[in-house]
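Presented below is the structure to which this report refers.
Lettering follows sequence order; numbering is per chain, from 1.
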Protein chains: 2
Amino acid sequence: MAKEKPMSENCLKDMLPIRDALDVVSGKWKMMILVSIKHNNKRFRDIERSIPKISSKVLAKELKDLEQHKLIKRTVYDDYPVSIEYTMTEYAMSLEKVMNELHTWGLNHRKEILGK
Amino acid sequence: MAKEKPMSENCLKDMLPIRDALDVVSGKWKMMILVSIKHNNKRFRDIERSIPKISSKVLAKELKDLEQHKLIKRTVYDDYPVSIEYTMTEYAMSLEKVMNELHTWGLNHRKEILGK
DNA sequence: CTGTATCCACGAGGATACTG
DNA sequence: CAGTATCCTCGTGGATACAG
């Protein structure tokens with residue numbers, strides 16, 4: 001990410017990891033779901049209610065994606081009735097800094113674009 | 001972003017700025033374009049060549065988006081022939097930290113998912 | 001409650017050609 | 001060189017209904 005080599009194709013080497021990260025974390029809902037779970041919404045229904053406008057189909061799909069990327073964990077409790085909980089993984093905590101930077105920048109950007 | 005309030009709708013307050021940021025910065029090409037320009041590709045053609053598979057139509061559109069968000073500047077030089085240069089704005093530098101975090105996390109995530 | 005199953009609309013983005 | 005113009009494909013995601 002440094003500025004040593006003006007031109008060149010290590011340019012690509014910089015792009016690809018960023019794309020990898022965005023593939024996981026961008027999209028219309030993924031971050032919102034993570035934030036919701038982080039705010040202690042564990043049940044499918046709770047998450048669904050916490051995110052305006054999301055549909056159950058989309059939520060189900062996104063949860064699967066996040067699980068595949070090891071960012072959340074799906075736990076089935078064999079109670080009656082069966083209950084299911086989603087929680088963030090330890091690994092997902094590594095996203096903290098990314099999320100904070102995005103949050104901070106997003107707040108500022110809204111001011112920058114709309115404000116002045 | 002802290003963990004004080006377990007539940008609640010400041011949850012939404014956390015989500016929205018993140019979405020704002022991602023709207024600007026995510027999408028298939030925007031980050032790659034920024035990285036390319038940062039690597040000193042200034043001309044339309046140079047940027048196009050530096051990013052595999054992008055089409056001129058899409059590049060043109062994305063450049064306009066980025067310009068609207070004040071992340072790049074389009075400068076027309078009235079030489080013969082006219083030349084046009086894209087450069088990052090000062091403001092775009094505020095994305096540095098975001099980009100670095102994404103880059104770092106993306107690198108690590110590839111190892112995490114594929115590696116082990 | 002926790003999802004699946006269908007059907008459908010829309011917009012992002014690809015392919016190709018062309019213009020000033 | 002720096003884009004536009006068309007046309008077309010495809011995936012995301014919305015609406016609704018339904019199942020275990």
Respond yes when some side-chain nitrogen or oxygen of [X] is under 4.0 Å from OP1 or OP2 of [N], and no when none is.
{"X": "A:R43", "N": "C:dT2", "result": "yes"}
{"X": "A:Y86", "N": "C:dC1", "result": "no"}
{"X": "A:R74", "N": "C:dG3", "result": "yes"}

State which residues pass side chain to side chain contact (heavy atoms under 4.5 Å, CB included) with [X]; sequence neighbours excluded, sorted by chain then number.
{"X": "B:L107", "answer": "A:P17, B:H103"}
{"X": "A:K97", "answer": "B:E101"}
{"X": "B:D79", "answer": "B:Y77, B:S83"}
{"X": "A:V82", "answer": "A:V76, A:I84"}

TODO: Please name all residues satisfying side chain to side chain donor-acceptor pair (under 3.5 Å) with A:W105, sequence neighbours left out, ordered by chain then number.
DONE: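 Only B:S94 meet the side chain to side chain donor-acceptor pair (under 3.5 Å) criterion with A:W105.
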
Open item on the list: Taking ring pair (Phe, Tyr, Trp, His ring centres under 6.0 Å) as the cut-off, I'd like each qualifying pair that reaches into residues 41-72 of chain B, sequence neighbours left out, listed once.
Closed with: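 Residue pairs with at least one partner in residues 41-72 of chain B: A:H109-B:H69.
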
Less than 3.5 Å apart, which donor and acceptor atoms pair up between the side chains of residues 18-26 of chain A and the rest of the protein, not counting sequence neighbours?
unit_1 : atom_1 : unit_2 : atom_2 : d
A:R19  : NH1    : B:K28  : O      : 2.7
A:D20  : OD1    : B:R110 : NH2    : 3.1
A:D20  : OD2    : B:R110 : NE     : 2.8
A:D20  : OD2    : B:R110 : NH2    : 2.9
A:S26  : OG     : A:L22  : O      : 2.9

Task: Degree of bending in the helix from C:dC1-D:dG20 to C:dG20-D:dC1 once both end axes are built from five pairs, to 10° - done: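 Comparing the axis at each end, I get an angle of 50°.
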
TODO: Check whether any side-chain N or O of A:N41 sits under 3.5 Å from a backbone N or O of A:I37 as a donor-acceptor pair, and report yes or no.
DONE: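 Flag not set: sc A:N41 to bb A:I37 has no pair under 3.5 Å.
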
- [ ] Mark up nucleotides 4-16 of chain C, 5' to 3', with B wherever a protein heavy atom is under 4.0 angstrom from a base atom, S wherever such an atom reaches only the sugar-phosphate, and - elsewhere.
- [x] B-BB-----BBB-

Task: Residues in salt bridge (Lys or Arg N to Asp or Glu O under 4.0 Å) contact with A:R45, at least two apart in sequence or another chain - done: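 Salt bridge (Lys or Arg N to Asp or Glu O under 4.0 Å) list for A:R45, sorted by chain: A:E48.
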
TODO: Anything under 4.0 Å to a heavy atom of chain A counts; send over the first and last such nucleotide of DNA chain D, read 5' to 3'.
DONE: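 Endpoints of the contacted stretch of DNA chain D: D:dG13 to D:dA15.
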
Can you list, pair by pair, the side-chain donor-acceptor contacts under 3.5 Å of residues 57-68 of chain A, counting residues two or more places apart and other chains?
unit_1 : atom_1 : unit_2 : atom_2 : d
A:K61  : NZ     : A:D65  : OD2    : 3.2
A:E62  : OE1    : A:K30  : NZ     : 3.4

